[in-house]
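These notes concern the structure reproduced below.
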There are 2 protein chains.
Amino acid sequence: MSVRRESNTEARGPSARARGLTHRHPSEVPLQDALDAVADPVRRTILRELAGRPDWTRACGTFDLPVSKATRSHHFAVLRAAGLIEQRDEGPRRFNRLRRAEFDQAFPGLLALVLAERV
Amino acid sequence: MSVRRESNTEARGPSARARGLTHRHPSEVPLQDALDAVADPVRRTILRELAGRPDWTRACGTFDLPVSKATRSHHFAVLRAAGLIEQRDEGPRRFNRLRRAEFDQAFPGLLALVLAERV
DNA sequence: TAAAGTGTTCGATGGAGGTCGACCACATGA
DNA sequence: TCATGTGGTCGACCTCCATCGAACACTTTA
C-alpha cells in the first residue's frame, strides 16, 4: 500500500464541523421521539426523497422543501436524533443516508408507512 | 314477529346521543391523522388499556388517565376520527372497542408499535 | 486574503393543540 | 319529578414547536 493521497474524509478523520455531529442509534430512540419525527409532513418529504436516491448522494440543500434553510437544518437535526438518518460531511456539504434496516428493526413497519405515503 | 319489548339498543335504534356519533373507517384516514393520533402519550395509554380487555367492556370513564374528563372526551374523539376505536352507547355509558384488524390493514405495524410500548 | 457556497445557531414570533372549569345533554333510578 | 351519574361542548389559557431573518462557522476556490 503506497502513500498515495486520499481525497475522502476517512484518511483525514472528521472535519471540524463533523466533529459536532451526534448520532443516535434507532434502538436507543423512544417511541415518542420516533412518532414525533415522522408526524411532521416536511420531515416525511425528506425521508421519501432520501429513499428515492442511493445513499450519500443527497446533500441537505438539494431537497425540494417549502421552508427556509434554518427550518430545514432543524428538521435534519430532528431526523438525526430520531435515528432516521445518518449524516456525513464532505467538503462544505452534508450528505445523508436513510437508516432503513436499523430503524425498521427498532420500529417495524413505521418507515414503510412513511415511504408508501402518496402525497 | 311479535311486538315484545326489546331491552337492547338494536331494537330501539341509536339513542339521541349515539345519533351524533360519527365514525371513520381506517381506510379513509390520512396517514397524517393516524400519526397525530398515536403521537400523544395519553391516547397511547388509552389504546394500550383498551387492548388489555375484551371489546365493549371499557366505558370512557373507567380509564386511568391523568387528565380531566373534558380532555379525556377530546382524546376519545380524536381516536375515533383516526379510525382507531369504535364507540357504542349503552345507557348513560359509552363503551369502546379497539379496531385492531381494520386499522392494522390500513397502517400495518403502527398499532403494534403502540401496544408493545413499555411505559 | 477575499469571496462564494453550504449549513448551523440564535432569538423572536405565530399558530396548533392539549388542558381546564363550567355548563349542558341524556339516561337511569328513587 | 328530582337527583345522580356519565359524557360532551364551550370558551379560555398556555405550552410547545415549526418557522423565519440575521448572524456566524467552516470549506473551497479564485
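Here is the naming used below: chain letters follow the sequence lines, and residue numbers restart at 1 for every chain.
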Rounded to whole Å, CG of Leu21(A) lies from P of dC26(D) at a distance of 13 Å
So, Arg93(A) and Glu90(A), do they make that salt bridge, N to O below 4.0 Å?
no
Quiz item: If Ile, Leu, Val, Met, Phe, Trp and Tyr residues are connected whenever their side-chain heavy atoms lie under 4.5 Å apart, and connections chain through other members, are Leu115(A) and Val42(A) in the same group?
Solution: yes
I'd like a table of atom pairs between the protein and nucleotides 2-5 of chain D - only N or O on both sides, under 3.5 Å - with the distance next to each one.
none

Identify each atom pair where a protein N or O and an N or O of nucleotides 18-23 of chain D are less than 3.5 Å apart, giving names and distance.
unit_1	atom_1	unit_2	atom_2	d
dA18(D)	OP1	Arg43(A)	NH2	3.1
dA18(D)	OP2	His74(A)	NE2	2.8
dT19(D)	OP2	His75(A)	NE2	2.4
dC20(D)	OP2	Ser68(A)	N	2.6
dC20(D)	OP2	Ser68(A)	OG	3.3
dC20(D)	OP2	Thr71(A)	OG1	3.2

Residues Leu47(A) and Leu98(A): closest non-hydrogen pair is CD2-CD1, 3.6 Å
Arg58(A) atom CZ is separated from dG7(C) atom C1', nearest whole Å, by 16 Å
Are the side chain of Thr62(B) and the backbone N or O of Ala59(B) linked by a donor-acceptor pair below 3.5 Å? yes
message = Quick check against the 3.5 Å criterion: does Arg44(B) have a side-chain atom that pairs as donor or acceptor with the backbone of Val38(B)?
response = yes
Atom CZ of Arg72(A) and atom P of dC17(D) are separated, to the nearest Å, by 22 Å
Here the distance between atom C1' of dC20(C) and atom CG of Leu65(B), to the nearest Å, is 15 Å
OP1 or OP2 of dG8(D) sitting under 4.0 Å from any side-chain N/O of Arg94(B)?
yes
Please determine whether salt bridge (Lys or Arg N to Asp or Glu O under 4.0 Å) holds for the pair Arg97(B) and Glu102(B), giving the CA-CA distance in whole Å, both sets of side-chain angles, and the decisive distance to 0.1 Å. CA-CA 12 Å; Arg97(B) 180 184 79 86; Glu102(B) 308 110 286; 3.0 Å; yes
Whole-Å distance, Asp33(B) CG to dG17(C) C1', equals 14 Å
For this session: Identify whether any heavy atom of Ala59(B) sits under 4.0 Å from a base atom; if not, whether one sits that close to sugar-phosphate; answer base, sugar-phosphate or nothing.
Result: sugar-phosphate
When rounded to whole Å, the CG to C1' distance for the pair Asp89(B) and dA25(C) reads 12 Å
When rounded to whole Å, the CD to P distance for the pair Glu90(A) and dT28(D) reads 10 Å
Residues passing the salt bridge (charged side-chain N to carboxylate O under 4.0 Å, His left out) test with Asp33(B), sequence neighbours excluded, are Arg24(B)
Is the shortest heavy-atom distance from the side chain of Arg99(A) to the side chain of His25(A) under 4.5 Å? yes
Which of Glu49(A), Arg58(A), Gln87(A) passes side-chain hydrogen bond (donor to acceptor under 3.5 Å, both in side chains) with Asn96(A)? Answer is Gln87(A)
In whole angstroms, the gap separating C1' of dG7(D) from CD1 of Ile85(B) amounts to 13 Å
